[in-house]
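Down below is the structure, laid out as structure tokens.
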Amino acid sequence: MSILIKRTNGRNSGVTSKNCPPNDVYNVKLESNSTTVNIKWCDPDNSVIGGDTFATWSSTILVRKEGSAPKSPTDGTVVITNIAKNKYKDTAISNTGLTAGKTYYYRFFVYGTNKLCNQSESMIYSIKIYDSNSTTLSSLTWSDINEISERGEASKYFKIGDSINIKTNSKYGSNVTVTASIWDFNHFDKSDKSGKAGIVFGIDVNTNFYDRIWGEDDIAGYGEWVDSELRVKNMPQIFAGLPGDLQSVIKNVDVYTSDSCYTYYNGYGSYDGYLTSEKVFIPGVVEIGFSDYKEAIPTQNALEYFTDSFKRYSYGNVYWLRDIHQNHQWRTVNGTDKSLDFKDCYENAYIRFCFCV
């Protein structure tokens, strides 16, 4: 994501058309590929207070600098001096000839007809260039992966199924290596309502991660994912055992889980499910590719990775899903029979956890 550095410009009752610079540019969007940054923005409207015009836009100068933000219109390379208002609102200007691996800073300097310049630091943006031909998950830091994800460019550099190894530490073992693959792009909503999390990562079945979903004291009740032992006690331990640089970029996302699933006695129900905010969690029935259950669990959507059913069954292993079957039984995937199955909540199955960046 572009880094935005903000400063608030002062306004007071003594402002006149002679000492008032124009407002900031807005709706700034930066996109990149291996050698180019494409930039769109809107030039500011006139500054009007009480019917009086205090500033009229005249031009926008866009300046680029490597390594740090330009301090003035002459500190760096002038990308464009634009005198046609909103020329780059819908059609981006392409800044070419850039070098992969470097970070470039862009700053807008906005002039009014009164010759005053708005040099607000809120119009400073930075973007790192990645080579789309050679960029792989394993060649990047988690900070880089997060930046690409936050810019909405993950599918430009990665594909479904791309994987990366992660060292974990938890109650399930020290220095356990898991393989995390990309399960989908832009699937879950961020809990802070800022949009979609760009990448869903999920692990292959790992024999170290093997546990019950509920504690022994809980089997008399029906229970739900929200207060299951696996969610409340064990998922936080798994998160805490991930590398620190990965922890720092994992997003809280909104996850819906069914109130009930299909049963032979009641058939399909119409359930909206319930909402939780998650960092590390296990997938649900529909998310894992069982589309027949979409009617019963309308708030879940299939993850792209599991359109390939081979990936769903994970080499014969049985792993938990976060949807209840009935009573104290929970849904599982049975890799041997290649089917959706269930287990009692106090039995053990594998934990195929996932997270979003």
Side-chain angles (χ1 to χ4, degrees), residues 1-2 29-38 92 94 98-102 127-168 177-190 194-206 242-243 245-251 253 255 278-284 286-291 294 300-315 317 319 321 333 335 352-357:
M1 181 177 67
S2 301
K29 298 178 181 178
L30 282 72
E31 296 180 348
S32 70
N33 58 35
S34 302
T35 59
T36 303
V37 173
N38 298 311
S94 294
L98 307 179
T99 302
K102 293 187 176 182
I127 189 167
K128 187 173 181 178
I129 307 299
Y130 300 94
D131 187 345
S132 57
N133 297 315
S134 62
T135 295
T136 62
L137 289 173
S138 59
S139 70
L140 300 172
T141 66
W142 281 107
S143 177
D144 288 332
I145 294 169
N146 179 65
E147 180 171 347
I148 290 171
S149 177
E150 288 288 270
R151 281 170 16 190
E153 297 181 359
S155 60
K156 182 188 298 184
Y157 295 94
F158 315 124
K159 63 182 184 298
I160 302 298
D162 282 354
S163 62
I164 184 171
N165 289 334
I166 304 169
K167 288 279 191 181
T168 68
T177 299
V178 297
T179 300
S181 300
I182 294 180
W183 282 2
D184 209 347
F185 300 116
N186 303 313
H187 188 95
F188 294 102
D189 291 321
K190 296 178 190 174
S194 63
K196 297 282 187 182
I199 308 174
V200 184
F201 285 95
I203 70 161
D204 294 341
V205 168
N206 184 291
L242 296 174
D245 56 342
L246 172 55
Q247 289 183 37
S248 67
V249 299
I250 289 178
K251 306 297 186 295
V253 294
V255 170
E278 309 286 354
K279 283 193 172 181
V280 177
F281 54 102
I282 57 175
V286 177
E287 290 161 3
I288 217 73
F290 292 99
S291 57
K294 179 67 175 173
Q300 288 183 19
N301 294 295
L303 293 153
E304 184 68 23
Y305 185 74
F306 296 101
T307 56
D308 180 346
S309 62
F310 177 78
K311 295 170 181 173
R312 180 188 315 159
Y313 295 116
S314 193
Y315 318 108
N317 293 306
Y319 58 94
L321 301 176
V333 173
R352 196 176 188 183
F353 66 84
C354 55
F355 55 88
C356 296
V357 171

Distance only, no hydrogens: is a donor on one side chain within 3.5 Å (strictly under) of an acceptor on the other, for [X] and [Y]?
{"X": "Thr179", "Y": "Asn165", "value": "yes"}
{"X": "Ser34", "Y": "Ser132", "value": "yes"}
{"X": "Asn146", "Y": "Ser143", "value": "no"}

Backbone N or O of [Y] within a donor-acceptor pair of the [X] side chain at under 3.5 Å?
{"X": "Glu278", "Y": "Val253", "result": "no"}
{"X": "Ser139", "Y": "Thr135", "result": "no"}
{"X": "Arg352", "Y": "Tyr319", "result": "no"}
{"X": "Asp184", "Y": "His187", "result": "no"}

Flag side-chain contact, heavy atom, 4.5 Å: [X] against [Y]:
{"X": "Arg151", "Y": "Ser32", "result": "yes"}
{"X": "Asp204", "Y": "Ser181", "result": "yes"}
{"X": "Thr35", "Y": "Thr99", "result": "no"}
{"X": "Val37", "Y": "Ile129", "result": "yes"}
{"X": "Pro243", "Y": "Ile166", "result": "yes"}
{"X": "Ile160", "Y": "Glu304", "result": "yes"}
{"X": "Leu137", "Y": "Tyr157", "result": "no"}
{"X": "Lys196", "Y": "Asp189", "result": "yes"}

**Working for ring-ring contact (aromatic ring centres under 6.0 Å, His included), residues Phe306 and Tyr313** = CA-CA 9 Å; Phe306 296 101; Tyr313 295 116; 9.7 Å; no
Results of salt bridge (Lys or Arg N to Asp or Glu O under 4.0 Å) for [X] - residues two or more places apart only:
{"X": "Lys167", "value": "none"}
{"X": "Lys279", "value": "none"}
{"X": "Asp162", "value": "Lys159"}

**Request:** Look at the aromatic rings of Tyr305 and Trp183 and report parallel, tilted or perpendicular, splitting at 30° and 60°.
**Result:** parallel
**Message:** Would you call the rings of Phe201 and Trp142 parallel, tilted or perpendicular, taking 30° and 60° as the class edges?
**Reply:**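 The arrangement is perpendicular - the two ring planes meet at more than 60°.
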**Request:** Could you grab the distance from atom CD1 of Ile148 to atom OH of Tyr130, nearest 0.5 Å is fine?
**Result:** 5.0 Å
**Message:** Could you measure the distance from the CG atom of Leu321 to the CD atom of Glu287? Nearest 0.5 Å is fine.
**Reply:**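 One gets 9.0 Å once the value is rounded to the nearest 0.5 Å.
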**Item:** Under-4.0 Å salt bridge between Lys190 and Glu150
**Value:** yes
**Request:** Kindly give the heavy-atom pair with the smallest separation between Ser149 and Gly198, and that separation in Å.
**Result:**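 Minimum heavy-atom separation between Ser149 and Gly198: OG-CA, 3.1 Å.
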**Message:** Give me the atom names and distance for the closest heavy-atom approach of Asn301 to Lys294.
**Reply:**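 Looks like OD1-NZ, 2.7 Å.
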